[in-house]
K.L.:
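Attaching a single structure in structure tokens format; questions to follow.
Worth knowing before you read on, the calculation uses all heavy atoms, side chains too, and leaves out hydrogens, waters and symmetry mates.
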Amino acid sequence: MEAFFQTDPLTLLAILGMGVATYLTRISGLVLVRYIDLKGRTRAALEAVPVAVLMSVIAPTVLATGPAETAAAVVTMLAAFRLPLLGVVAVGVVSVALFRAALGLL
Amino acid sequence: MSVSGSALTRRSDFSDGLRAIAPLVVAAFPIALVFGALAAQKGLSPFETMLMSSVVFAGGSQFVAIDFWATPVPWVAITISALLVNIRHVLMSASLGAKTKQMGFGWQLIAFGFLADEVWALSEHRARKQGTSFAFMMGLAIPFYVNWLVMTGVGASLGTLLADLDPAKWGFDFAFPAIFIGLIMGFWQGQKTGVILGASGVAAIACKAFVPGAWYIAAGAVAGVLVAAVLADPESLEA
């Protein structure tokens, strides 16, 4: 039980630092939009945020890791037109495992 | 008059949130277990791992932090990397913040503390259709938060046991990008979306190749947003 609760002061500091940094990023946009006028190109830019952010996080993993990951990403994307989210994730996991196994055999 | 403030609407908004997040809670199981196991390998106790999950609640930056982890803990570098990885939240909260003003600033300050990518993407999706309330966001956030906390703790407790299990062999490492692909396609609006995806993807990959650290996320996000602003239909700008 002692090992379970073991803590290090520098670890606590790191966790606190990460938590504060993360919370600040999560509320700063809220403060920002109170001072900007949401019209025209600003509005078009904000509309694109979801797609742009989500893509930026995964692009290096899915497009620049190897052929198995890229192929699985394409299959997953096609599945997303038809399946609910959990099905999409299942297709992604299974297809990347299959592509990796297949490429490993070549 | 709308009845958006009534207890009945609040309750149904909350359960709508629960239903929407349920598949992602399941999909997050392997990701949370893997994170816990990695944290244990770097010497974090299960308690420290769960503390990080509850205080930070941002998977991407937690994985990056564990990657940096060393003895003594480089807490300044870790804090800065969390800031970099999560700088995208500025754009995310601006976008969703503009759509949820009816919630009130005080409630936004609480709800936006739980703005993990998945919670945010589903909130955005709902905001485009019928509006996102505080109750809906809590319906998304609470199960996702509790699951992340508990499952990363389980992963850390099993630690070395899970270490022998190579997540890549079974494709479980791909659950995270697969969730994101599914979320992206929820926003698909044809060619225009494809162009934004292309701009963000190319910019993120190019940046990652040349710039050390987590700048690539911000670079890709800004590139996609700028392309969308430039390509905005002039006719719709009049409105």
K.L.:
Just to verify, what does B:V230 make a side-chain contact (heavy atoms from CB on, under 4.5 Å) with, not counting sequence neighbours?
P.N.:
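Counting only residues at least two positions away or on another chain, B:V230 forms no side-chain contact (heavy atoms from CB on, under 4.5 Å).
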K.L.:
Does a side-chain heavy-atom distance below 4.5 Å link A:D8 with B:T71?
P.N.:
no
K.L.:
Examine whether an atom of B:I80 lies under 4.5 Å from a heavy atom of chain A, and if so say whether it belongs to the side chain, the backbone or both; otherwise answer neither.
P.N.:
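Nothing of B:I80, per the 4.5 Å heavy-atom cut-off to chain A.
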K.L.:
Has A:R41 got a side-chain atom pairing as donor or acceptor with B:A229's backbone, closer than 3.5 angstrom?
P.N.:
yes
K.L.:
Give, as side chain, backbone, both or neither, the part of B:Q108 having an atom under 4.5 angstrom from any heavy atom of chain A.
P.N.:
both
K.L.:
By a 4.5 Å heavy-atom criterion (distance strictly below it), what part of B:Q62 contacts chain A: side chain, backbone, both, or neither?
P.N.:
both
K.L.:
With sequence neighbours excluded, tell me which residues meet side-chain hydrogen bond (donor to acceptor under 3.5 Å, both in side chains) with A:E69.
P.N.:
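Result, side-chain hydrogen bond (donor to acceptor under 3.5 Å, both in side chains) vs A:E69: A:R100.
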K.L.:
Under 4.5 Å heavy-atom distance to chain A, tell me which part of B:F114 shows up: side chain, backbone, both or neither.
P.N.:
backbone
K.L.:
Roughly how far, to the nearest 0.5 Å, is the OG atom of A:S28 from the CE atom of B:M92?
P.N.:
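The distance works out to 11.0 Å.
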K.L.:
Evaluate side-chain contact (heavy atoms from CB on, under 4.5 Å) for A:V62 paired with B:F174, printing each intermediate quantity in order.
P.N.:
CA-CA 9 Å; A:V62 300; B:F174 209 71; 4.1 Å; yes
K.L.:
Which region of A:V96, side chain (C-beta onward) or backbone (N, CA, C, O), has a non-hydrogen atom less than 4.5 Å from a non-hydrogen atom of chain B, or is it both or neither?
P.N.:
side chain
K.L.:
Below 4.5 Å, heavy-atom pairs only: which of A:I36, A:V88, A:V31, A:V53 has the largest tally toward chain B?
P.N.:
A:V53
K.L.:
Treating B:E48 as the side-chain partner and A:L12 as the backbone partner, does any N or O pair qualify as donor plus acceptor under 3.5 Å?
P.N.:
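The answer is no, because no donor-acceptor pair under 3.5 Å joins these two groups.
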K.L.:
What option among A:P60, A:A97, A:A72 has the most heavy-atom pairs under 4.5 Å with chain B?
P.N.:
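Ranked by contacts with chain B, first place is A:P60.
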K.L.:
Sort out for me which of B:A228, B:A199, B:P177 touches chain A most, counting heavy-atom pairs under 4.5 Å.
P.N.:
B:P177
K.L.:
Is B:K192 salt-bridged to A:E47, going by a charged N under 4.0 Å from an acidic O?
P.N.:
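So B:K192 does not pair with A:E47 through a salt bridge.
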K.L.:
Name the option with the most non-hydrogen atom pairs under 4.5 Å to chain A; the candidates are B:V26, B:L183, B:D173.
P.N.:
B:D173
K.L.:
Among A:I27, A:L54, A:T42, A:T7, single out the residue with the greatest number of heavy-atom pairs under 4.5 Å to chain B.
P.N.:
A:L54
K.L.:
Quick one: what part of A:A79 sits under 4.5 Å from any heavy atom of chain B, side chain, backbone, both or neither?
P.N.:
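A:A79 has no heavy atom closer than 4.5 Å to chain B.
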K.L.:
Most heavy-atom pairs under 4.5 angstrom with chain A, which of B:P30, B:A82, B:S45?
P.N.:
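Looking at each option in turn, the highest pair count goes to B:S45.
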K.L.:
Only one of A:T22, A:V20, A:T25, A:L24 forms a side-chain contact (heavy atoms from CB on, under 4.5 Å) with B:L83, so which one is it?
P.N.:
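For B:L83, the side-chain contact (heavy atoms from CB on, under 4.5 Å) check succeeds only for A:T25.
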K.L.:
Using heavy-atom distances under 4.5 Å, tell me whether A:F81 contacts chain B through its side chain, its backbone, both, or neither.
P.N.:
side chain
K.L.:
Against A:I15, only a single residue in B:V55, B:T79, B:I78 fulfils side-chain contact (heavy atoms from CB on, under 4.5 Å); can you say which?
P.N.:
B:V55
K.L.:
Tell me, for A:T11 versus chain B, whether the close heavy atoms (under 4.5 Å) come from the side chain, the backbone, both or neither.
P.N.:
both
K.L.:
Do you know which of B:A175, B:A214, B:P23, B:A121 has the most heavy-atom pairs with chain A at a distance under 4.5 angstrom?
P.N.:
B:P23
K.L.:
For the side-chain contact (heavy atoms from CB on, under 4.5 Å) test, which of B:I184, B:I181, B:I196 pairs with A:M55?
P.N.:
B:I184
K.L.:
So which of B:A204, B:S200, B:G224 has the biggest tally of heavy-atom pairs under 4.5 Å with chain A?
P.N.:
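Ranked by heavy-atom pairs under 4.5 Å with chain A, first place is B:S200.
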K.L.:
Against chain A, work out which of B:G220, B:S54, B:G97, B:A203 has the most heavy-atom pairs shorter than 4.5 Å and name it.
P.N.:
B:G220
K.L.:
Hey, does the side chain of A:R26 reach the backbone of B:F112 with a donor-acceptor pair shorter than 3.5 angstrom?
P.N.:
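Checking the backbone N and O of B:F112 against the side chain of A:R26, no donor-acceptor pair under 3.5 Å is found.
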